[in-house]
Amino acid sequence: MSFAQQSAHHPSSSAKLPSRTHTCGALHLDQLNQQVRLCGWVAKRRDHGGLIFIDLRDRYGITQVVFEPSCPDFQWAEKLRSEFVIQVTGLVRARPEGMVNPRLSTGTIEVVAQKLNLLSEAQTPPFAIEDETDVAESVRLEYRYLDLRRPYLQRNLVTRHKMLQIVRRHLDENHFIEIETPILYKSTPEGARDFIVPSRLNPGSFYALPQSPQTLKQLLMISGMDRYFQIARCFRDEDLRADRQPEFSQIDIETSFLSEEELFPILESMIQKLWKQILNVDIATPFPRMPYHEAMSRFGSDKPDVRFGLELQDLSDIFAQSGFQVFQNALAKNSRGIAGSVRALVVHPSATSQPSEQFSRKDLDDLTKVAASYGAKGLLWIKVQEGGELQSPAAKFFTDTEKSALKSRLDLKPGSLVLIVADKNKVVFDALGALRLNLGERLGLMPKTDIQNARAQDFAFLWVTRFPLLEFDDKENRYFACHHPFTSPRPEFFDDFIGGKNLDAIEASAYDMVLNGVEVGGGSLRIYRPDVQAAMFKLLGLTEQEAEAKFGFFLQALKYGTPPHGGLAFGVDRLAALLCGVGPIRDVMAFPKTQRGHCVMSSSPSEVDHSQLQELHILTVKSKSS
RNA sequence: GGGGGAGUAGUUGAGUUGGUUACAACGUCGCCCUGUCACGGCGAAGGUCGCGGGUUCGAGUCCCGUCUCUCCCGCCA
């Protein structure tokens, strides 16, 4: 008789004992001498010949089961292998003196088996199911259902679940209603590439999967829904990153009649609850607010990590008359009358264990490469020597006045290192902003958070506000909306906006919530006047006909009594990753995709039958490049 | 589209100047073992060195191409 034949292959239950009396994380000395029934996976078998230990695992924990020769099923216990699914009936017993395992929550007890019931056999798994696994992610993703048995991923998914429950409860208490919006919707111009879905019933026509429910939630405000939210699945056909997947979730929120000052506290208290209930950390509110321009000039980023200093310094005025060609070029005005700048990061010897002498040629080369990858044509360094002399490849271009201005402005002392980028502002901010983060890591300025023992100071929340409304694109020679085309200018800029004046200086009622250098959410107050919305589309280069074709339904709706409204969307995956203390959002998603957008478990995307394509009126062609 | 890193037993890695039968650990399989929890002891099996081509008497190693994974830039209203 084989093991499988011997076993029932379905759980036993009786009036006396149900299929499962406890989970594998539940038993303590309280249940001493009780008869219990556990179900789970064999995590480990330790066969001592006359005594067999089984670590039985479920998502609640691990319990040690002991098979002694007196157990009638002892011979079958010898046949157990990793990941077999079993049901064990037995007695809870205190572990002998000195045998307690402090690393298990159930480490004070063990279950002495009386009966073993095999529910499922298992092939040998391709990798060990344990937290300390060090296996290539592609292997883990191919067997994601096994990877998800690891306590680490199970904890992350539980945290994500808790997070969403707290969010739902909070928004419900604040009179928000959860409304589902369509996944099959209309393709939208601008923004990310759409995933499109062919319509069998409408040959040649396509739905698009929503990049966000933006227009739909605004229409719900026009419908009078007043306060809406949705845990919305969103789709963007762009290249992936550690924090970007082609499909992702947002906590999508929209409200009517509220100002920023009235909206922010609702969102801040939601965050406060999440951090309190999940991490037991008290986050102070209101969050600091920082205008976009301040974030850029101080940190070189619109999502600054303000847990450490190392702020950017503007040296443009010092070098206004510089004889150094690189600086002259950067400070010259372009055809649209906009000048770049000369800015620097300064590392003082006191602030770090690494004074400038310890920045080797290779270190500086590495830093230069970082700057270059953000478009900087070079990175100019200055080292301050023992005697106070400035050592730099460009030192000979500096006048004495410039040198002394530098020293006093930057408070230079022997051992200081200055890193300068001179270019148009976008490049200067991007390059120095990235260098600041790189140096912050390199010099150990960036705090490491132990998420199990997190403290309030580990989390630097802030609102970045007053984003520019428009951005001019040199290549296409037109303006683009910085946020999206439904974002309202701040009221004080209405006249300029309608009149088409000083467009570069117009600020938007847009805001991002930032935590430790991560944009966790973003939103805006929306345009609610049809004439302003039409003006926006026109400014963005849409003809009236194009605007009508793409957004006619929306412009029409705006004319039927639109309340002032605005909202925001949080990135569920990013928030969950921060609450779990992990980097890649793949680790807080059940079935993520690889960087090529593949699901290696199911091998999707994949080719489909010709007949399927035919029904959809689709013909595929091989492109020359492939 | 561009740049960096990686691909060798099931897994994680080593592999010298191009040279005998490609190595180790863990895992797996068999036998033994009554207090383990990284159990232990003895033994065994396990490989198209990502794929394709080239150079060479000979390629895991050198060259060319290609695929995949990963990090980043562009992109992500």
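What you are looking at is a predicted structure, and each value in this text was computed from that prediction instead of being measured.
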Only counting residues at least two apart or in another chain, list the ones meeting side-chain contact (heavy atoms from CB on, under 4.5 Å) with [X].
{"X": "A:Asp587", "value": "A:Glu137, A:Arg140, A:Tyr152, A:Leu153, A:Asn156, A:Val582"}
{"X": "A:Pro182", "value": "A:Tyr185, A:Leu216"}
{"X": "A:Ala569", "value": "A:Gln250, A:Asp252"}
{"X": "A:Glu548", "value": "none"}

Task: Partner set under salt bridge (charged side-chain N to carboxylate O under 4.0 Å, His left out) for A:Glu68, not counting sequence neighbours - done: A:Arg93

Open item on the list: Just to verify, what does A:Arg46 make a salt bridge (charged side-chain N to carboxylate O under 4.0 Å, His left out) with, not counting sequence neighbours?
Closed with: A:Asp55

Task: Heavy-atom protein contacts under 4.0 Å, nucleotides 2-14 of chain B, coded B base, S sugar-phosphate only, - none - done: --------SSS--

Task: Protein proximity profile, nucleotides 33-43 of chain B - base contact B, sugar-phosphate-only contact S, no contact -, cut-off 4.0 Å on heavy atoms - done: BBBBBSB----

Task: Contacts of type ring-ring contact (aromatic ring centres under 6.0 Å, His included), residue A:His48, not counting sequence neighbours - done: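 Only A:Phe53 meet the ring-ring contact (aromatic ring centres under 6.0 Å, His included) criterion with A:His48.
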
Task: Residue list, ring-ring contact (aromatic ring centres under 6.0 Å, His included) with A:Phe74, at least two apart or on another chain - done: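 Checked A:Phe74 against ring-ring contact (aromatic ring centres under 6.0 Å, His included); zero matches.
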
Open item on the list: Can you list, in residue-number order, the parts of residues 234-247 of chain A that come under 4.0 Å of RNA chain B, counting heavy atoms only?
Closed with: A:Arg236, A:Glu238, A:Asp239, A:Arg241, A:Ala242, A:Arg244

- [ ] Within residues 529-537 of chain A, find the residues that approach RNA chain B with a heavy atom at under 4.0 Å, and present them sorted by residue number.
- [x]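 Within residues 529-537 of chain A, no residue comes under 4.0 Å of RNA chain B.
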
